[in-house]
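A, B, ... follow the sequence lines: proteins, then strands. Residue 1 opens every chain.
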Amino acid sequence: MPELPEVETVRAGLERLLAGAVIRRVDLQRHDLRAPIPQELPARLAGQPITAIRRRAKYLLIETPGATLLCHLGMTGTWRVAPPGDERTHDHAYLHLADGRRLVFRDPRRFGLLDLLPADGRHPALAGLGPEPLGPAFSGDYLATVLRGRKAPLKALIMDQRLVVGVGNIYAQEALFRVRLRPTRPAGRVPRAALSDLVAAIRAILGEAIAAGGSTISDFHHAGGEAGWFQHSFQVYGRAGQPCSACSAPLRSDVIAGRSTVWCRRCQR
DNA sequence: ATCGGGACCTGCTTGC
DNA sequence: TGCAAGCAGGTCCCGA
């Protein structure tokens with residue numbers, strides 16, 4: 001499901017839902033997600049008031065005075081408020097709030113992560129992450145520096161979370177189409193000016209997608225239950241064989257770095 | 001160091 | 001109708 005816009009949308013939804021909330025009890029249905037959920041997690045969160053919901057890259061951090069819950073949605077992770085009787089397969093964690101509501105983490109494929117953030121804030125999953133794409137550190141100069149000499153396809157590297165975070169398979173394709181760059185271009189040979197354009201396009205598209213509440217592909221929903229709308233703005237993702245919105249040539253699909261990629265052979269160079 | 005491929009897991013769609 | 005294959009928004013690990 002989630003790239004940066006979706007995670008940011010979930011973050012904002014949780015922030016709204018959980019303002020002033022206190023965790024009364026945590027029930028885990030199973031422990032084996034991408035990494036094991038620590039046994040002590042429920043006890044560490046029980047009785048804690050939620051003070052902030054933050055995001056770093058595609059990770060959510062649910063902060064309390066006593067512990068911070070680190071969460072990654074993987075491909076299919078969702079948070080929802082579920083009243084009694086609303087239990088579903090693949091519900092892995094129930095957060096019972098003091099006001100009687102129940103917040104549920106569900107993740108059918110179990111690529112997601114629930115963990116406790118160490119007291120010093122250092123967590124292996126967060127170590128080595130690149131800059132936020134919407135922050136000041138992500139610039140044409142920066143991209144030119146980190147891509148210098150790299151031969152991997154441009155698309156593969158803008159999806160590399162060590163270089164820049166938050167860009168996944170959808171928004172990489174959309175950004176490359178917007179600046180008319182071929183996703184297979186060896187990253188180190190893209191001109192500096194084109195990299196500046198690419199940075200601007202990534203920022204613009206992520207910003208537009210956040211404003212639209214993310215993209216709902218199969219069953220992504222906000223923590224509040226609403227669908228996103230940015231999927232209606234896709235120019236290439238999921239449109240293989242359909243006409244390019246700019247030149248009407250059929251869009252082609254190739255597997256690049258193991259991920260299917262739709263692009264226009266005529267427009268993107 | 002870098003790159004490509006596969007593994008992880010379940011559910012849904014497609015094609016025979 | 002039924003079944004198998006293929007594919008899915010991410011990350012991690014391995015061998016070359």
Indicate, with a heavy-atom threshold strictly under 4.0 Å, whether A:Pro153 touches base, sugar-phosphate, or nothing. sugar-phosphate
Between P of C:dG10 and CG of A:Leu4, the distance in whole Å: 11 Å
Going by atom types only, do A:Asp254 and A:Thr261 share a side-chain donor-acceptor pair under 3.5 Å? no
Among B:dG4, C:dA8, C:dG10, which nucleotide has an atom closest to any side-chain atom of A:Phe111? C:dG10
Nearest-angstrom distance from the residue atom CG of A:Asp160 to P of C:dG10: 13 Å
Presence of salt bridge, A:Arg80 and A:Asp91, under 4.0 angstrom: yes
Does A:Arg34 place a side-chain N or O at less than 4.0 Å from the phosphate oxygens OP1/OP2 of C:dC12? yes
What is the separation between atom NZ on A:Lys155 and atom P on B:dG4, rounded to the nearest whole Å? 12 Å
Same-atom distance (P) from B:dG5 to C:dC7, integer angstrom: 15 Å
Length of the line joining A:Arg55:CZ and C:dG10:P, which is rounded to integer Å: 14 Å
Could you give the CD1-to-P distance, from A:Ile217 to B:dT10, as a whole number of Å? 23 Å
For a quick test of reading the model: is some side-chain N or O of A:His90 closer than 4.0 Å to OP1 or OP2 of B:dG11? yes
Listed nucleotide nearest any side-chain atom of A:Arg150, set C:dT11, B:dT10, B:dC3: B:dC3
Is it true that A:Arg55 and A:Glu15 have a side-chain N and a carboxylate O under 4.0 angstrom from each other? no
Rounding to an integer number of Å, can you tell me how far A:Asp107 CG sits from C:dG9 P? 15 Å
Considering every strand and a 4.0 Å limit on heavy-atom distances, what is the contact class for A:Ala257: base, sugar-phosphate, or nothing? nothing
Is A:Gly258 touching bases, backbone alone, or none of the nucleic acid, heavy atoms closer than 4.0 Å? nothing
Can you check whether A:Ser260 has a side-chain N or O nearer than 4.0 Å to OP1 or OP2 of C:dA8? yes
Would you say A:Lys151 reaches B:dT2's phosphate, i.e. side-chain N/O to OP1/OP2 under 4.0 Å? no
Is there a side-chain polar atom (N or O) of A:Arg162 under 4.0 Å from OP1 or OP2 of C:dT11? no
Please report the distance separating the C1' of C:dT11 from the corresponding atom of B:dC12, rounded so that it comes out in whole Å. 22 Å
Calculate the interatomic distance between A:Met159 atom CE and C:dC12 atom C1'; express it in whole Å. 14 Å
Which of parallel (below 30°), tilted (30 to 60°) and perpendicular (above 60°) describes A:Tyr59 and A:His72? perpendicular
Does A:Asp99 pair with A:Arg24 as a salt bridge, N-O distance under 4.0 Å? no
Partner nucleotide of B:dC9 by Watson-Crick or wobble geometry (both distances under 3.5 Å): none
Nearest-Å distance once atom P is located in both B:dG11 and C:dT1: 23 Å
Indicate whether OP1 or OP2 belonging to C:dT11 is found under 4.0 Å from a side-chain N or O atom of A:His72. yes
Side chain of A:Arg109, base of B:dC9: donor and acceptor closer than 3.5 Å? yes
According to a strict under-4.0 Å criterion, is A:Tyr171 in side-chain N/O contact with OP1 or OP2 of C:dG9? no
Plane angle bin for A:Phe234 and A:Phe230 - parallel if under 30°, tilted between 30 and 60°, otherwise perpendicular: perpendicular
